[in-house]
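The next block holds one structure in the form of structure tokens; read it before the comments.
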Amino acid sequence: MKSRNLSFEDPTLYHYAIYSEIVIAVSVVMYSVVKNAKEPWKHVFHVVIDRKIVAAMKMYPDLHHIVLLDGDVEVQKDLTDLWNIDLDGKVNGAVESYFGSFHGYS
């Protein structure tokens with residue numbers, strides 16, 4: 001069995017922030033990430049339920065990457081390749097919706 005030296009500040013692990021106040025939604029997101037992960041013990045979740053938690057996340061300055069997952073997604077494949085994407089100096093990246101172009105609402 002592999003050693004599981006888990007640290008919420010370890011930059012070598014895969015960190016996710018999940019924004020949701022709905023516990024069942026968060027559990028679905030976390031389960032789907034872990035279920036599809038090649039190395040599930042390397043995935044760390046930071047659940048953000050209100051502004052107090054966002055402020056508390058500032059205590060993780062050593063993290064180089066963090067993936068934001070909304071509380072209504074179900075992951076269908078391993079996400080570790082996201083950490084190999086070169087953002088060319090940009091601070092964030094996003095996926096395009098597969099439903100076509102975004103339409104604003106007034």
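Count residues from 1 along the sequence.
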Using the rule that two of Ile, Leu, Val, Met, Phe, Trp, Tyr join whenever any of their side-chain heavy atoms come within less than 4.5 Å, decide whether M30 and V73 are in one cluster.
yes
Taking side chain as C-beta onward, heavy atoms only, is F45 less than 4.5 Å from V34?
yes
Nearest atoms (heavy-atom pairs only) where P40 meets A37:
CD-O, 3.7 Å
With sequence neighbours left out, the residues meeting ring pair (Phe, Tyr, Trp, His ring centres under 6.0 Å) with Y31 are none
Just how far is it from atom CG of L82 to atom CG of L87, taken to the nearest 0.5 Å?
10.0 Å
Spacing of OH belonging to Y19 relative to CD1 belonging to I49, to within rounding of 0.5 Å
12.5 Å
Does P11 offer a backbone N or O that forms a donor-acceptor pair with the side chain of H65 under 3.5 Å?
no
Which value, rounded to the nearest 0.5 Å, describes the distance between N36 atom CG and H43 atom NE2?
10.0 Å
Are Y16 and V33 side-chain neighbours, meaning at least one heavy-atom pair lies under 4.5 Å?
yes
Non-hydrogen side-chain atoms of V26 and V23 separated by less than 4.5 Å
no
Looking at every heavy atom in both H15 and E9, which two are closest together, and how far apart are they?
CE1-N, 4.4 Å
Looking at every heavy atom in both A17 and V48, which two are closest together, and how far apart are they?
CB-CG2, 4.4 Å
CD1 of I24: more than 12 outside heavy atoms within 6.0 angstrom?
no
For G71 versus A25, what's the shortest heavy-atom pair and its separation?
O-CB, 3.1 Å
Under a 4.5 Å side-chain heavy-atom rule over Ile, Leu, Val, Met, Phe, Trp and Tyr, are V28 and V67 clustered together?
no
Please tell me if the side chains of L68 and D70 come closer than 4.5 Å, counting only heavy atoms from C-beta onward.
no
Rounded to the nearest 0.5 angstrom, the OG-CG distance for S32 and L79 is 8.0 Å
Going by the side chain to side chain donor-acceptor pair (under 3.5 Å) test, which pairs reach into residues 74-84, not counting sequence neighbours?
D78-T80
